[in-house]
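Structure, as structure tokens:
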Amino acid sequence: MSFPLLTATAALPAIGAIATAAVPAARRTTAKWLALLFSLATLVLAGIALVRFEPGGARYQLTESHAWIKDFGVRYELGVDGIGLALMALTALLIPFVILAGWHDADPLETKSSRWRPTQGFFALILMVEAMVILSFEATDVFLFYILFEAMLIPMYFLIGGFGDRAHTGSDENAAAQRSYAAVKFLLYNLVGGLIMLAAVIGLYVVAGTFSLSEIAEARASGSLSMATSTERWLFLGFFFAFAVKAPLWPLHTWLPNAMGEATSPVAVLITAVVDKVGTFAMLRFCLQLFPEASKWATPVIVVLALISIVYGALLAVGQRDIKRLIAYASISHFGFIILGIFAMTSQGQSGATLYMVNHGISTAALMLVAGFLITRRGSRLIADYGGVQKVAPVLAGTFLIGGLATLSLPGLAPFVSEFLVLVGTFSAYPAAGVIATTGIVLAALYVLVLYQRTMTGPVKAEVQGMPDLKVRELAVVLPLIALLLFLGVYPKPLTEIVNPAVQHTMSDVQKKDPQPEVEAAK
């Protein structure tokens, strides 16, 4: 029996979470290092999976399959295609930086309302989220995926509500109330989506008699499984609604700014760069693969919703006064691009959407973590409380600028490649939608550059006069992310080689081919 690499990659952070939580309360530093070591070991296993994966091989590789709940046909089935593997690697890559960036975020405070900040619990919850997210990218049994999709809400709820941002302008009681509100809103939105998805999961089992993706695919290919048009559409809507909440897609997005604003910056990265990717990934793996005809039927409406997300999110980002909420609304705009690329139903659009998931994760992590370092120094999230930072902390300002330029998809940085592919793929199928989507690029330049101008340039405000520059630990967080943005910006081939075969399988599922360019006949 071969080594269960996928299980090990997900199990290692779960074991690390238990070990970290078991560290005695007085040994906080030990807990931090233990969590970091387990996250690095998980990254090594993800790297081994990347090496062992054969882009031209079977659709799902490194597979595992074991009986689980026999009476209900539930199996413990794992396997990764290029898309799942890329996102699994992204998750494993980001978690060590999240842990390093949040090194002191759960240290005890003296204030009465903040006594409950167990360091061990904070890092254990992060590792538990990592385990569930990685396993969700590997699951090829629909019921197993659903359990993980819902279970990851529990540690995220405690990370948002129990370990909120310390840079709050109000009283401690008001800060605790807003954290609680953000955590409950996050939980309720996603629980409602999950319950609707549960009904669709049960309906799928009634129709197909199995939860296994491979068995459903075989049944479709052999003609032994056929769904009534109305049934397929209702099941599709049940799945898509849950994924649109998680993604988040307008108008189901309103929980995200609250959650990111009230969470610590590392947890905000965990939300938008890691957990939310489960929603867009699932659209590719489950919506398009299980319900191809319904996916094509719903495409026009979803394209419109994606365009609204792009423009709406960018416009609200322009008007924000809070740094973290600005980044949250920018992420809503970026997720609009991802969903637009998925449902453009072209190979360029879907390749771009997958690259966008990875590149957005890296660029948002870089920008949000540097913003977190900035906010920790000043003790405020308000843009108006800053000015002239580049004169007192030039390295901090420089890394903040690079993270911002990556967010607006500057050529030469990784997000440009993915955004360009999404727009090309969209324009070839829906020219009007492609034109409208480009307005998001213009607005992104506006909110990023205005943010930099108001915080980093101009006269040095008295409150930032003695602001220290980035320290060694903070540089260890930011510089690798920036290096990766530059590398993938000029040489995305290692990622595209993994992703493109999986995209072709998805295009085959929906029986779509790329539109042929119209060439005017020579006279």
Output yes when a side-chain donor or acceptor of [X] lies under 3.5 Å from a complementary backbone atom of [Y], and no otherwise.
| X | Y | answer |
| --- | --- | --- |
| Arg321 | Leu326 | no |
| Thr364 | Gly361 | no |
| Thr63 | Gly79 | no |
| Thr272 | Ala268 | no |
| Thr299 | Ser295 | yes |
| Gln320 | Tyr329 | no |
| Ser333 | Ile310 | yes |

Side chains of residues 422-429: which donor-acceptor pairs under 3.5 Å do they make with residues two or more places apart or in other chains?
| residue | atom | partner | partner atom | Å |
| --- | --- | --- | --- | --- |
| Thr426 | OG1 | Val422 | O | 2.7 |
| Ser428 | OG | Val424 | O | 3.4 |
| Ser428 | OG | Gly425 | O | 2.9 |

Nearest 0.5 Å, what's the [atom1]-[atom2] distance between [X] and [Y]?
| X | Y | atom1 | atom2 | result |
| --- | --- | --- | --- | --- |
| Leu249 | Asp276 | CG | CG | 12.0 Å |
| Gln348 | Leu355 | CD | CG | 12.0 Å |
| Lys324 | Met368 | NZ | CE | 6.0 Å |
| Leu6 | Arg52 | CG | CZ | 8.5 Å |
| Thr91 | Leu270 | OG1 | CG | 9.0 Å |

Run the ring-centre check on [X] versus [Y] and record whether the distance is less than 6.0 Å.
| X | Y | value |
| --- | --- | --- |
| Phe243 | Phe149 | yes |
| Phe186 | Trp255 | yes |
| His360 | Phe335 | yes |
| Phe239 | Phe291 | yes |

Query raised in the report: According to the side chain to side chain donor-acceptor pair (under 3.5 Å) rule, which pairs have a member within residues 349-358, sequence neighbours left out?
Result: His334-Tyr356, Ser351-Asn500, Tyr356-Glu419
Option passing side-chain contact (heavy atoms from CB on, under 4.5 Å) with [X] (candidates [options]):
| X | options | result |
| --- | --- | --- |
| Leu78 | Leu135, Thr9, Leu62 | Leu135 |
| Val192 | Ile196, Asn190, Leu195 | Ile196 |
| Leu284 | Asp81, Ile338, Ile83 | Ile83 |

[X]: side-chain hydrogen bond (donor to acceptor under 3.5 Å, both in side chains) partners, not counting sequence neighbours:
| X | result |
| --- | --- |
| Tyr312 | none |
| Asp141 | none |
| Gln453 | none |
| Thr254 | Tyr189 |

Query raised in the report: Closest heavy-atom contact between Val278 and Ser136?
Result: CG2-OG, 3.7 Å
Query - For Tyr430, ring-ring contact (aromatic ring centres under 6.0 Å, His included) partners two or more places apart - result: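 Scan of Tyr430 (ring-ring contact (aromatic ring centres under 6.0 Å, His included), adjacent residues dropped) gives none.
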Report summary line: Residues at least two apart in sequence or cross-chain that pass ring-ring contact (aromatic ring centres under 6.0 Å, His included) with Tyr146, listed by chain then number, are none
**Report entry** Contacts of Ala371 that satisfy side-chain contact (heavy atoms from CB on, under 4.5 Å) - sequence neighbours left out
**Finding:**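 Result, side-chain contact (heavy atoms from CB on, under 4.5 Å) vs Ala371: Ile323, Ile327, Phe400.
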Requested in this report: Sequence neighbours left out, what passes salt bridge (charged side-chain N to carboxylate O under 4.0 Å, His left out) with Glu138? Give chain and number order.
Outcome: none
Report task. Name all residues meeting the salt bridge (charged side-chain N to carboxylate O under 4.0 Å, His left out) criterion together with Arg233; count only those two or more places apart in sequence or in a different chain, and write none if there are none. Result ->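 None.
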Could you pull out all donor-acceptor pairs under 3.5 Å where a side-chain atom in residues 481-490 meets a protein atom, sequence neighbours excluded?
none

Query raised in the report: Is it true that the side chains of Thr7 and Glu64 contain a donor and an acceptor less than 3.5 Å apart?
Result: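 Yes.
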Query raised in the report: Do Ser214 and Ser212 have side-chain atoms, one donor and one acceptor, less than 3.5 Å apart?
Result: yes
Report task. Applying side chain to side chain contact (heavy atoms under 4.5 Å, CB included), run through Leu153 and Lys246 and close with a yes or a no. Result -> CA-CA 10 Å; Leu153 301 180; Lys246 184 86 78 179; 3.5 Å; yes
Requested in this report: Decide, yes or no, whether a salt bridge links Glu262 with Arg381 under the criterion of side-chain N to carboxylate O below 4.0 Å.
Outcome: yes
Report task. Measure up the Phe343 and Phe240 rings against each other and bin them: parallel (under 30°), tilted (30 to 60°), perpendicular (over 60°). Result ->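 The rings of Phe343 and Phe240 stand perpendicular, inter-plane angle above 60°.
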Requested in this report: Measure up the Phe137 and Phe281 rings against each other and bin them: parallel (under 30°), tilted (30 to 60°), perpendicular (over 60°).
Outcome: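 Rings of Phe137 and Phe281: perpendicular, as their planes differ by over 60°.
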Query raised in the report: Taking the side chain as C-beta and beyond, is there a heavy-atom pair between Arg325 and Asn258 under 4.5 Å?
Result: yes
